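Report on one structure; see the data block that follows.
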Amino acid sequence: MISKSRLIYHIEGIVQGVGFRPFVYTIALRYALKGFVLNNSKGVIIEVEGFKESLDAFEEALFKELPPLARIDFWHKDTLDSKNDTIFEIHHSEESDVKSSLVLPDMSICQECLAELQDPTNRRYHYFFTNCTHCGPRYSIIQTVPYDRPYTSMHPFTMCQACQDEYTNPLNRRYHAQPISCPNCGPTLFLRAMSGELLASNEEAICKLAGLINAGHIVAMKGMGGFHLMCDATNDTTVAKLRERKHRPSKPFAVMFKTLDAIHEVCDLSVQEEEGIGSLLRPIVLVKRHKKASKLSSLIAPHIDRLGVFLPYTPLHVMLFEYLSNPIVATSANRSGEPIISEAKVLEQKLGDVVEYYLDYNREIVNSSDDSVLQYLGDKTLIMRSSRGLAPQSFRMTSTDERKILAVGAHQKNAIAIYLNHQMIVSPYIGDLDNIASHGLFEKMIESFARFYNFTPELIVGDMHPNYVSTQWAKKQSIPFLQVQHHYAHILSTMCEHQLNEPVLGIAWDGTGYGDDGTIWGGEFLLCDQNGYERVAYFEPFLLLGGDASIKEIKRILASLLWDVLGDEADIHLLNYFDSTSLKLLKQIYTKKINAPLCSSVGRLFDAVAVLCGMEENVTYDGESGLLIEALYDPVITEYYDVKIDDKIIDYKSMFSQMLHDKDPHVIASKFINTLVKILLTLKSRYDYPVVLGGGVFQNRTLMEKILQNVTQNLYFPLQLAVNDGGICVGQVYKALSK
Ligand SMILES: [Zn+2]
Ligand SMILES: [Zn+2]
């Protein structure tokens, strides 16, 4: 006689709030198995009973047919005695049990919801808030855990009977989809003038908003994680007006297109880029523009050959494009450097002089987020901003450390991370902590994570910089505080992602970070493991004349470097960039070394090279110099500058006098990138260790492509985490987990 057996599965990972239990229910019914599935504090427990072949088929389906957003990090199974159940059920979980389930990011609209949105016979035809278990908002609407409708900003909206029926049917795609709604029971859209005057609502509001954009107005629209500023991306006058009102002379704007085909008209896309742009993540992807003219305004991304492109990602965006004539600028609505605005009254206060009309809706954005930004290196991603769709991001650690740890990150592009129950959880991008609004978001983020995960840290980890807001905040808490050197944390972050704990050669190139000798670092070769590091080589420091003033007025960096190489002979060249009085004053700073910290940053060298390549104006956004140099790079030029590397010090400064002879910006830019690669390869050849990269300089796609051409093995860089300072919090936690 063939007997039945019973199995119990313990499953951890992203298995709650993603339709995992109904999925298990469906496959259990398919193979006529009995038992139950339930959520517990760690994930999901399944008990199934039936014949062996059915159990085998069930297990195969369990791993192969996962719902789109689910992810299994850990599982374990055991055999139990038969209980002779007669049905398979979804058991309800106790509220207290689910306190540590993961808070998931917001997701873009899925194919099934999109089809319903466009189907005139569907009851959600043209319904701008349609969503299901596989898509839609999560992070932006959650107030506290468990992730259940009463604890979200959907709470004020009572489900109609039809929605209720879908919500409670385990075989329906909207079973327990917390933001479920329909035209009869969901939130309302409002189009308003900046005076607050109501102009239209719901679909009429979308239609009128599109009309205003088509007519050349600057508008704002409340999306998933906050308001976007929008305007017609083909209208020079409007884009110029937006730049002027925002005091944003050249920082590129991201452009949202209706379809991939529309993007093809402007850019060449690789297969990976196409897939990435169209993925459920719907990030902004930085791609190369065609050389030929396009209908896009030339003011969208001046002087560079890249463009940030993305597709509509909520049903509301899809609906808007039904009525738009052209691609649109869609950029986070904020005051320069501040977090994205998510409330209409803040929009009115802060951008009243920029925006002319706005589309709002009466569902609160509890947690704001920006669009994620990434680029592709072949089939690999380089993440520049980890936010909507990607964050909060979680991954399971192998550490046995039971402590609860909070990492507060660095200062620029701040993000925080927490560690608990062997999980690393990384927050969305917070921003540069340079203003009150960003400080507020930083503190709010820490509070939210404490609430989501019932989390009180036993240890805080942060940067060594005494003046960082994050450092100062950490010092005020009565909790042990561990400080980790900035560039070491960059390398640790990449090591953590790739689960490396053996010694590595870490190469950390970025803008600026506080060195353990009190000078500014940023061109570092660190021999390190999780326990510590040795600074085995670095770019010869130069004086950063006027400190931060050099970071804005980048020709000061060139002056400092040229004086180092040429002495007084440099003056004649520098008079091309300074009037004689300013040059005299600057030279005093140089000779007296007052307010002129030493700096070894590679990011700052890009600035000096950009000046020689013709970028005479001040840097107005982070990464501007790098993008300009990339635009000038010519792959046909394979030469590089001579650089001496003694034991520890990379003596590159003569490169700048050689550049004066080269004159041609294409030659200078190309030889400069080639030289950096040459330096990296020379140092690499001295050590027989895996090479680990970290730091904002590696956002430079041209540099990365050259490195990848030359180093084909044992090279690690971040693929899931931001390569810039946004990833530092993870490195900080990884240091705390050493021992
Ligand atoms: Zn959906
Ligand atoms: Zn309804």
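Quantities reported herein were computed from a predicted structural model and do not represent experimental measurements. Remember, it's 1-based here, ligands and their atoms both numbered in the order they're listed.
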Next item on the list: Return yes when at least one N/O/S atom of H134 is nearer than 2.8 Å to the Zn ion (ligand 1), and no when none is.
Entry: no
Check: How many angstroms lie between CG in L390 and CG in L374, if you round to the nearest 0.5 Å?
Finding: 7.0 Å
Check: Would K222 count as a cation-pi partner of Y361, with NZ or CZ less than 6.0 Å from the six-membered ring centre and within 45° of the ring normal?
Finding: yes
Item checked: Check: T133 and P22 side chains under 4.5 Å, non-hydrogen atoms -> no
Check: Could you give all pairs that pass the ring-ring contact (aromatic ring centres under 6.0 Å, His included) test and reach residues 13-49, with sequence neighbours left out?
Finding: F20-F23, F36-H91
Note to self: Parallel, tilted or perpendicular: which one describes the rings of H76 and H10, with boundaries at 30° and 60°?
What the structure shows: tilted
Next item on the list: Using the Zn ion (ligand 1) as the apex, give the angle to atoms SG (C113) and SG (C132), rounded to 10 degrees.
Entry: 110°
Margin query: To the nearest 0.5 Å, what is the distance between CG on L102 and CZ on R138?
Written below: 12.0 Å
Margin query: Strictly under 2.8 Å, how many protein N, O or S atoms lie near the Zn ion (ligand 2)? Waters don't count.
Written below: 4
Next item on the list: With rounding to the nearest 0.5 Å, note down the distance linking CG in L104 to CD in Q16.
Entry: 9.0 Å
